[in-house]
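Below: one structure, written as structure tokens.
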Amino acid sequence: MFTEKIIPIVKEAAGLMKRSGFDIMEKDTAANIVTSSDLAVQHFLVGRLGKLIPGSGFLCEEEDLDDICHEYIWIIDPIDGTANYARGTSDCCISVALAKDGEVCAGVVYSPWRNELYTAEKGHGAFRNGVPVKVSDRSFEEGMLCAAFCTYYKEYSQTCSEIIYDIYMRSNDFRRFGSAAIELCMLAAGDIELYFEMKLQPWDFAAAGLIVKEAGGSICGFGGKPLDPFKPGMVIGGNTADNCEEIVRTVQKYLSALPY
Ligand code: 2AM
Ligand code: CA
């Protein structure tokens with residue numbers, strides 16, 4: 001099993017996520033930051049995971065290592081929820097996915113301050129701290145939605161807010177934790193039921209997307225299309241296929257095509 005080999009490396013990498021003494025740098029916009037810890041965690045993971053599968057490639061958030069012409073590709077977010085991390089709040093995690101021949105086959109999401117380790121291997125179920133998890137059976141009306149307003153692309157925030165409002169008015173409530181990977185893992189574990197993000201990067205959803213599927217949930221892109229683990233895209237999730245499709249339909253009331 002790949003996850004057994006990935007877990008100790010990810011846990012060791014988490015030791016580089018210091019609570020203080022890291023530097024914060026801006027990327028393309030003031031909202032988009034990176035810390036010295038993101039860079040240290042990514043550097044460590046690339047070195048150690050590359051040795052697990054010699055010849056494997058990498059798609060990572062913090063460095064231009066995009067190199068996806070390989071049988072095995074690691075898709076890595078060294079810290080998902082960097083804004084939370086930089087403020088000292090707990091909702092941040094390391095996300096590592098392994099794709100074989102273009103399909104994600106293993107996923108590990110580790111949140112040290114929530115003390116949650118989510119894992120999945122294709123065809124073998126999903127786990128939180130070693131205990132099997134599955135999605136809840138709540139209805140759409142009882143569902144808790146996680147979504148965000150597209151912080152990195154605020155030109156889409158108005159549309160996002162209309163879609164979120166529409167779902168919110170017909171469901172139980174809405175939460176925004178600030179880490180897509182954690183929110184998707186919460187969907188897998190039955191803590192929330194509904195998920196919508198206008199535009200995520202592959203490293204935000206690759207590992208957690210497999211964890212959702214292995215927990216019996218549904219995840220897809222705009223129009224219900226399968227997600228491409230190497231391309232940015234809209235991410236829609238549901239505890240059931242029906243609830244996922246209801247979000248797909250809701251999105252289509254506001255958007256006839258992806259705006260990017
Ligand atoms: P990141 O920390 O890896 O950049 C979707 O919500 C994604 O947007 C999150 O997974 C997170 O990814 C990023 N994000 C969340 N809150 C944010 C904020 N306040 N500012 C910028 N990016 C944020
Ligand atoms: Ca990140």
Side-chain angles (χ1 to χ4, degrees), residues 10 13-14 16-18 22-46 58-66 74-97 107-114 116 118 145-157 159-161 163-164 167 174-188 192 194-209 211-212 219 221 227 229 231-237 247 260:
V10 166
L16 300 167
M17 291 167 77
K18 294 181 280 175
F22 53 80
D23 299 320
I24 302 176
M25 290 82 76
E26 273 177 24
K27 295 206 276 188
D28 44 346
T29 63
N32 197 348
I33 55 166
V34 60
T35 71
S36 48
S37 306
D38 295 70
L39 303 177
V41 170
Q42 179 164 307
H43 182 75
F44 177 85
L45 289 173
V46 168
F58 289 90
L59 180 60
C60 303
E61 177 163 23
E62 304 304 349
E63 254 175 86
D64 204 11
L65 292 169
D66 301 6
W74 299 100
I75 307 167
I76 298 175
D77 193 343
I79 302 182
D80 185 48
T82 300
N84 290 339
Y85 172 76
R87 288 160 188 264
T89 58
S90 337
D91 294 322
C92 54
C93 62
I94 296 174
S95 173
V96 173
V108 173
V109 172
Y110 181 48
S111 175
W113 290 290
R114 290 171 62 111
E116 290 172 354
Y118 294 91
L145 167 70
C146 272
F149 298 95
C150 223
T151 315
Y152 293 155
Y153 314 95
K154 286 197 169 156
E155 62 273 31
Y156 308 140
S157 296
T159 312
C160 282
S161 64
I163 293 166
I164 292 167
I167 300 167
F174 161 71
R175 297 284 184 273
R176 154 62 157 158
F177 291 94
S179 158
I182 287 177
E183 290 172 347
L184 287 169
C185 287
M186 291 175 73
L187 170 62
I192 65 148
L194 312 168
Y195 186 83
F196 165 71
E197 275 268 18
M198 179 75 94
K199 186 175 183 185
L200 289 181
Q201 300 297 326
W203 43 81
D204 296 321
F205 65 77
I211 293 166
V212 168
I219 187 160
L227 291 173
K231 289 201 183 119
M234 179 177 287
V235 177
I236 293 169
I247 301 177
Y260 52 85

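Just so you know, ligand 1 is whichever comes first in the structure, and atom 1 is the first atom listed for that ligand. We number each residue from 1, following the sequence as shown. On a predicted model such as this, the values are computed, not experimentally measured, just so you know.
No N or O atom of Ser179 sits closer than 3.5 Å to an N or O atom of ligand 1. Considering both main-chain and side-chain atoms, Leu200 never comes within under 3.5 Å of ligand 1 through any nitrogen or oxygen pair. At a 3.5 angstrom cut-off on N or O pairs, Ala180 counts as close to ligand 1.
With 3.5 Å as the limit, one finds a donor-acceptor pair spanning the side chains of Asp80 and Ser179. With 3.5 Å as the limit, one finds no donor-acceptor pair spanning the side chains of Tyr152 and Thr29.
In this structure, the side chain of Thr35 does not engage the main chain of Ile24 through any donor-acceptor pair within 3.5 Å. Proximity of a side-chain donor or acceptor of Asp204 to a complementary backbone N or O of Gln201 within less than 3.5 Å is detected. With hydrogens and angles ignored, the 3.5 Å screen pairs a side-chain donor or acceptor of Glu183 with a backbone N or O of Phe177.
Within 6.0 Å of CZ in Arg176 there are more than 12 heavy atoms belonging to other residues, nucleotides or ligands.
Less than 4.0 angstrom separates some heavy atom of Arg176 from each of these atoms of ligand 1: 6 (O), 15 (C), 16 (N), 17 (C). Here is the list of ligand 1 atoms found below 4.0 Å of a heavy atom in Glu197: 5 (C), 6 (O). Near Ala31, meaning under 4.0 Å from any of its heavy atoms, are these atoms of ligand 1: 20 (N), 21 (C). Listed by number with element, the atoms of ligand 1 under 4.0 Å from a non-hydrogen atom of Thr151 are 18 (C), 20 (N), 21 (C). Near Thr82, with a cut-off below 4.0 Å to any heavy atom, the atoms of ligand 1 are 2 (O).
For the Ca ion (ligand 2), the nearest N, O or S atom contributed by Asp77 is named OD1. Nearest N, O or S atom of Glu61 to the Ca ion (ligand 2): atom OE1.
By the criterion of a heavy-atom distance under 4.0 Å, the side chain of Asp77, and not its backbone, is placed next to ligand 1. Counting heavy atoms closer than 4.0 Å to ligand 1, residue Trp203 contributes nothing at all.
For atom 13 (C) of ligand 1, the closest non-hydrogen atom on the protein side is Tyr152 OH, 3.8 Å. Looking from atom 10 (O) of ligand 1 to the surrounding protein, the closest heavy atom is Asp80 OD1, 2.7 Å. Here the protein heavy atom with the shortest distance to atom 15 (C) of ligand 1 is Gly178 O, 3.1 Å. Atom 19 (N) of ligand 1 has Ala83 CB, 3.7 Å as its closest protein atom, hydrogens excluded (heavy atom only).
Within the 4.5 Å cutoff, side-chain heavy atoms of Tyr156 are placed close to those of Tyr260. Side-chain contact between Ile182 and Arg114 is present, with at least one heavy-atom pair separated by less than 4.5 Å.
Residue Ile79: an N/O/S atom is found under 3.0 Å from the Ca ion (ligand 2).
For Ile33, the closest heavy-atom approach to ligand 1 does not fall below 4.0 Å.
A salt bridge links Lys27 with Glu62: the closest approach of a Lys/Arg side-chain nitrogen to an acidic carboxylate oxygen falls below 4.0 angstrom.
Taking the six-membered ring where tryptophan is involved, the planes of Phe174 and Phe149 are perpendicular, since the angle between them exceeds 60° and thus also 30°.
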Next on the checklist: Determine whether Tyr85 and Ser37 satisfy the following criterion, side-chain hydrogen bond (donor to acceptor under 3.5 Å, both in side chains), listing intermediate values before the conclusion.
Outcome noted: CA-CA 9 Å; Tyr85 172 76; Ser37 306; 2.6 Å; yes

